[in-house]
There are 2 protein chains.
Amino acid sequence: MSAVDKAFHGLRHMIATGRLGPGERIPPEAELGEELGVSRGPLREAVRMLAALGVVEPRHGSGTYVSQLRPEDVIGSLSLTLELLPLSGLLEVYEIRRVLEAHVASKAAARRTPETVKTLFSLIDAMEATEDPTEASELDHRFHAEIARAAENPTLATLLAVFRARSRKYQVFTLPEGPEMRRKSDADHRVMATAIADRDPGAAAGAAEAHVAQTERWLRAFMPPVEEDEDTSGDTAG
Amino acid sequence: MSAVDKAFHGLRHMIATGRLGPGERIPPEAELGEELGVSRGPLREAVRMLAALGVVEPRHGSGTYVSQLRPEDVIGSLSLTLELLPLSGLLEVYEIRRVLEAHVASKAAARRTPETVKTLFSLIDAMEATEDPTEASELDHRFHAEIARAAENPTLATLLAVFRARSRKYQVFTLPEGPEMRRKSDADHRVMATAIADRDPGAAAGAAEAHVAQTERWLRAFMPPVEEDEDTSGDTAG
DNA sequence: GCAGGGAAAGTCATCAGATGACTTCCGGGC
DNA sequence: GCCCGGAAGTCATCTGATGACTTTCCCTGC
């Protein structure tokens, strides 16, 4: 086993067994390296691996801390890599998204509060009012995020947010057919929001699934990946 | 921006823009470090991060290669960290699993081949025959993996395999109540397999969801995490 | 006694050089 | 034609030193 593996598994084991708990600071590099029997180089590489996976977080000058280890912490790590997938593989992701969006819509319909309904419709109004495709995309994201939030499963909400972020790289609304697509999309949103407002889980699930399927169809038809030099990772969704 | 970030994003950008394609070897450390303007230390840390995320794979003595970038490549990275989650967060994962297992069961029922059915029942027979809880757990995994495979979405199959692996750390069958649980579990499996054999998607989905829900209930009741020093990562599922 | 400033310690970040380990390839020997 | 050995290329690791940032604490001034 290589030194990096030794450090990686050793550190992971310390966390798995509870010797290092969520939020806790891990020992300094020199000390930990000696304990694990590796020098600082490989140890740092192992720490970076765990950081990329959302398990620890190094803070310059302060120390390295174990994350809170919530499901969304580790699932969020996918957002850095999912957008590297070729479009072909993305279609498989879409099938998953279809199923899960339908589920959260259904659950949101069952558990909705008046505030949720109000938020959803105000987001729809804003979407229909704006001309800026980027803003529309942002509002669309917040609309779906709000539904996922209402379903009361943060893990699932994070997973769907990751999947959606990948799709947003393709800004279909900027195409010539964009305006027509947006009208259709807006109509879908109204159907979904209405079903949720009516506490009708079946209708909400159906509308959500149809909406995702429609988006998938558009993406399949045109696929101009947008060149980007992020970070535009402003997660302004409430 | 730190040197590690510069190297990480630089490398990721090279892959995102297609300058480095799947399976391709990236430039040697010295060369790449010079191009990105960082020394070998931080560059290696950035490479390790991408390796942890399933994007690249360093091979000692040969070079570092971009992965095939299939969805399962990057999703598989979750398996290293999902088992670090506390049980409380795991319940949210179970809800997702319930929905997705139901979906794959339904799809498997629609697309099943005679070979699939044969495999499923032979796995059930083997499960009922064995006394070894570890072997039973392994067969259980293969049973569910076979159903996911039949649904023809490798990404989804990988995602479910990751979720299941987390649950298997809790070997509920070794409890005093184990034998009774296993009888119930075996019965569930027969219902699922029969629904799939009958090409009845609705019944298959219902049976799968009920089965996962049952497992979840057991886990919620007893939760003795099994200490382990893997790797037992033998993915023997066909 | 208290608030502010600044020094000092602790820790991660980075660079540089050297050496070892492993893979790959090629040519020589049989 | 096959096998073996060596050379080159590349990643893996160690060591030492320096810089950057954060945190703590003491000292100063009021």
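So that the names make sense, note that chain A is the first sequence line, chain B the second, and so on, each numbered from 1.
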Separation of atom CD in A/Glu29 from atom P in D/dT15, rounded to whole Å: 15 Å
Salt-bridge criterion met for B/Arg220 and B/Glu216 (N-O under 4.0 Å): yes
Between P of D/dT13 and CG of A/Leu36, the distance in whole Å: 13 Å
Nucleotide D/dA12, atom P - distance to CZ of B/Arg59 in whole Å: 12 Å
Interatomic distance, B/Asp5 CG vs D/dC21 P [rounded to whole Å]: 14 Å
5' precedence on DNA chain D between B/Ile26 and A/Val38 (nearest-nucleotide basis): B/Ile26
Test: B/Arg48 and B/Glu45 ion pair at under 4.0 Å: no
Residues B/Glu92 and A/Arg70 bridged, charged N to O under 4.0 Å: no
Euclidean distance, A/Leu90 CG relative to A/Phe163 CZ, rounded to 0.5 Å: 9.5 Å
B/Arg40 CZ - D/dC14 P separation (whole Å): 13 Å
B/Arg48 vs D/dA12: side-chain N/O to OP1/OP2 distance below 4.0 Å: yes
Leading and trailing nucleotides of DNA chain C with any atom under 4.0 Å from heavy atoms of chain A: C/dG10 to C/dT14
Electrostatic pair B/Lys107-A/Glu95, nearest N-O below 4.0 angstrom: yes
Heavy atoms of other groups near B/Glu34 CD, more than 12 under 6.0 Å: no
Gap between atoms CZ and C1', on A/Arg44 and D/dT15 respectively (whole Å): 15 Å
Touch class at under 4.0 angstrom, heavy-atom based, for A/Gly63 against every strand present: sugar-phosphate
